[in-house]
Amino acid sequence: MSPSGHGLARGAVGTAPGTISVLSTAGGVHGTPHDGNFIEFGRNVGAVDVGVGGDDLRISRVHGTLTYRWNRWQLDNTGGVPIRLPQARLVFEGEEPFPLGTGYTPMFIRGSHNREHLLEVYVTGVDGDLPAPRHEHVTAKPEPWPLDTDEKLALVALGQPYLYQERWPQPWTWKETAALLHALRPDAGWTDRRVADVIGRVRARLSDEKYARTCGHEPVPGLTRDQLTEPIGNMLNHNLLQELIQSTTIVPRDLQLLDGP
């Protein structure tokens, strides 16, 4: 299997259910779902099934293995650099094998000078078919979470670094947010405590399964203290703001709310 114009993001044509397809810029292979079958990838192109980072000494000669065991494909990292999966999941050398689901999984290995080496993996599902094209269908837009006027104003103030798309954003403090809101609306009674209460209510709603499903969402993880480990710091509000921006509940144009009368 040689590199193609579109890679594996659109699937692997003509492969049986359970087949794994692995592709890099150096080429690719298919693997059948039989116990013990494995595919090795790494820098030593002549000794592995799929070459990755052939000129980059940060990539191990055999950096990882994809093995079929216990009725599924699993990833083992045998290199010194972690392998990054979607949702920022890192797989390190010596860890338990990471099980792969069906469909497309891009894997990234950071090499020298912050180079990113991509390994594309696609596990064919039971039906063995690619998704049908839906070129003319109506676009499924993100579903914003419902917020009242005060909640939205407070969240936009709290999340300004995210809406300005700063590189490493952190939420504003309660004190900073309350001071800004008080300056905008002196008669609205904004205090540190009120800001914390308003934001806390939003976090509680979005993490509640029943409420989330009535809004057409899944409950948002990482919004309650019992789901995180100490020290928590700003992580609760960071997770909240990430969700609100991804769902387009708050967007950069909402910064106009802070312009004042």
Side-chain angles (χ1 to χ4, degrees), residues 1-125 128 130-131 165-169 222 229 235 238-239 242 246:
M1 183 170 67
S2 60
S4 62
H6 59 76
L8 292 174
R10 290 191 285 177
V13 178
T15 57
T19 299
I20 192 169
S21 302
V22 186
L23 181 67
S24 75
T25 57
V29 297
H30 299 296
T32 56
H34 296 99
D35 281 344
N37 273 9
F38 66 90
I39 294 171
E40 291 182 324
F41 57 89
R43 174 166 49 88
N44 191 352
V45 176
V48 295
D49 301 295
V50 181
V52 180
D55 62 346
D56 194 331
L57 294 177
R58 287 288 300 277
I59 308 303
S60 298
R61 284 168 290 185
V62 180
H63 204 98
T65 306
L66 296 156
T67 305
Y68 193 81
R69 56 168 82 91
W70 304 310
N71 297 318
R72 68 189 310 170
W73 289 98
Q74 300 187 348
L75 168 66
D76 292 274
N77 184 349
T78 58
V81 177
I83 299 170
R84 191 178 84 250
L85 304 180
Q87 299 183 337
R89 174 65 162 87
L90 295 176
V91 178
F92 291 87
E93 180 183 12
E95 282 191 330
E96 290 292 318
F98 184 85
L100 299 178
T102 57
Y104 180 67
T105 303
M107 301 182 182
F108 296 89
I109 310 172
R110 179 179 291 183
S112 305
H113 310 295
N114 289 325
R115 294 171 63 189
E116 292 273 341
H117 300 279
L118 170 64
L119 186 74
E120 296 185 86
V121 176
Y122 190 93
V123 179
T124 305
L130 300 179
Q165 301 186 57
E166 295 180 6
R167 187 175 183 186
W168 308 114
T229 56
M235 189 55 66
H238 173 80
N239 293 342
Q242 293 277 31
Q246 288 290 335

Can you list everything that forms a salt bridge (charged side-chain N to carboxylate O under 4.0 Å, His left out) with [X]? Sequence neighbours excluded, please.
X	value
D35	none
R84	E116
E166	none

By the salt bridge (charged side-chain N to carboxylate O under 4.0 Å, His left out) test, which pairs, at least two apart or in different chains, include something from [range]?
range	answer
residues 59-70	R69-D76
residues 11-24	none
residues 93-109	R89-E95

Counterpart residues, side chain to side chain donor-acceptor pair (under 3.5 Å), relative to Q165 (two or more places apart):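 Listed in chain order: nothing, the list is empty.
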
If I compare all heavy atoms of [X] with all of [Y], which pair ends up nearest, and what's the gap?
X	Y	answer
P33	G18	CB-O, 3.5 Å
T15	S21	CG2-OG, 4.1 Å
P169	H238	O-ND1, 4.2 Å

Of all residues at least two apart in sequence or in a different chain, which pass the ring pair (Phe, Tyr, Trp, His ring centres under 6.0 Å) check with Y104? none

For residues 45-56, run the donor-acceptor check on the side chains, cut-off 3.5 Å, and write out each pair with its distance to 0.1 Å, sequence neighbours left out.
| from | atom 1 | to | atom 2 | distance (Å) |
| --- | --- | --- | --- | --- |
| D49 | OD2 | E40 | N | 2.8 |
| D55 | OD1 | R115 | NH1 | 3.4 |
| D55 | OD1 | R115 | NH2 | 3.2 |
| D56 | OD1 | R58 | N | 3.0 |
| D56 | OD1 | S112 | N | 3.1 |
| D56 | OD1 | S112 | OG | 2.7 |
| D56 | OD2 | S112 | N | 2.9 |
| D56 | OD2 | H117 | NE2 | 2.8 |

Sub-3.5 Å donor-acceptor pair from the side chain of E120 to the main-chain atoms of G7, do we have one? no

Verify, without hydrogens or angle tests, whether T65 (side chain) and I39 (backbone) share a donor-acceptor contact under 3.5 angstrom. no

Could you tell me if the side chain of [Y] sits less than 4.5 Å from the side chain of [X], heavy atoms only?
X	Y	value
P97	T67	no
P82	V91	no
V81	S60	no

Applying side-chain contact (heavy atoms from CB on, under 4.5 Å) to T32 and not counting sequence neighbours gives H34, N37

Output all residues satisfying side-chain contact (heavy atoms from CB on, under 4.5 Å) with Q87, sequence neighbours left out; order by chain, then residue number.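 Expected list: none.
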
Criterion side chain to side chain contact (heavy atoms under 4.5 Å, CB included) on V22 and L119, from CA distance to verdict: CA-CA 7 Å; V22 186; L119 186 74; 3.7 Å; yes

Candidate pair L85 and L75, rule side chain to side chain contact (heavy atoms under 4.5 Å, CB included), full reasoning: CA-CA 11 Å; L85 304 180; L75 168 66; 4.2 Å; yes

Nearest 0.5 Å please: distance from the [atom1] atom of [X] over to the [atom2] atom of [Y].
X	Y	atom1	atom2	answer
I83	F98	CD1	CZ	11.0 Å
I20	R72	CD1	CZ	11.5 Å
R43	I109	CZ	CD1	11.5 Å

Pairs flagged by ring pair (Phe, Tyr, Trp, His ring centres under 6.0 Å) wherever residues 41-87 is involved - sequence neighbours left out: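 As it turns out, the ring pair (Phe, Tyr, Trp, His ring centres under 6.0 Å) pairs with a partner in residues 41-87, which skip direct neighbours, are Y68-W73.
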
